[in-house]
Amino acid sequence: MVLFDSHIHIGQFRDLYSTPQDVFDFLTKVGVDRFAVSSTTTCEGDYAKVVGELKYMQKLAGNRMVPVLWLLPQVLYDGTIERMINSGINWQCLKIHSQLHPEFWKTEEAQADIVSVAKEMKLPLLIHTGEWDGCYPEHFENTIADNPEVLFILAHSRPVEQAIDVMRHCPNAWVDCAFTPPVCVSKMIKCGFADRIMFGTDYPLHNVFYAGENMEDLYHKIVEEIKGSMSEAEWELVSHKNFERLFGKI
Ligand SMILES: [Zn+2]
């Protein structure tokens, strides 16, 4: 089975520090061939550390990794983006976290500013979505609809009814299924969106949320449950073909 994970992290998350080596070894063990990765160290605002972590991962994984540049609100305006463009990392996706800064990302101005970065860098934009005011998919629908040339990925596809609505209205809206309940994935599949859903897990955050569990078993269980919510042909798309269509073949 070919398996790509579109939502992976390295770095500091609460009390957990996951080195690129830890995460790379784990992904290799569970049979993940390619992955998109951002660093949760970003939340500390230490972009020099983030670059170091991603370069280390690049050394380990080469082109099997898709580096994701996570942008905090302040770095849109302080020269960090230019430094990141010149960092030597071949960024292939941008990310924003609307739950960490809901008031900011909710505004039309902030959304216009991040979209102009995505256009300039010609990269897709991953948006954290969830069940909190400020990170509902519908907050971003106008921006997504107004910018058909940019591809948007609604991370976690939550709440799923809204993710479905946005996908219905906007062909440039995709989702990942990190922490998405299989029943919700199955709903999106039934609506005909198999070609816009990417498998993803948010690993290694499970070490915090499911401390004490066997991570390999847990990962395999997640794969089996998501796989079980669709047909073989749809799983081909979700497990790796959509990822390949977006980030290219290697
Ligand atoms: Zn995540």
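Counting starts at 1 for both ligands and their atoms, following the listed order. This structure is a prediction, so every number in the text was calculated from the model and none was measured.
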Q.
Can you confirm whether or not the ring centre of Y203 sits under 6.0 Å from the ring centre of F35?
A. no
(Q) Suppose the cut-off is 2.8 Å; which protein N/O/S atoms would you list for the Zn ion (ligand 1)? (A) H7 NE2, H9 NE2, D202 OD1
Q. What are the two closest non-hydrogen atoms of M121 and I81, and how far apart are they?
A. SD-CG2, 4.4 Å
Q. Between the side chain of T129 and the main-chain N/O of A155, is any donor-acceptor distance below 3.5 Å?
A. yes
(Q) Listing request: all salt bridge (Lys or Arg N to Asp or Glu O under 4.0 Å) pairs with a residue in residues 64-82, at least two apart in sequence or in separate chains. (A) none
Q: State yes or no: are the ring centers of H97 and F104 separated by less than 6.0 Å?
A: no
Q. Do N63 and F247 come close enough that some side-chain heavy atom pair is under 4.5 Å?
A. no
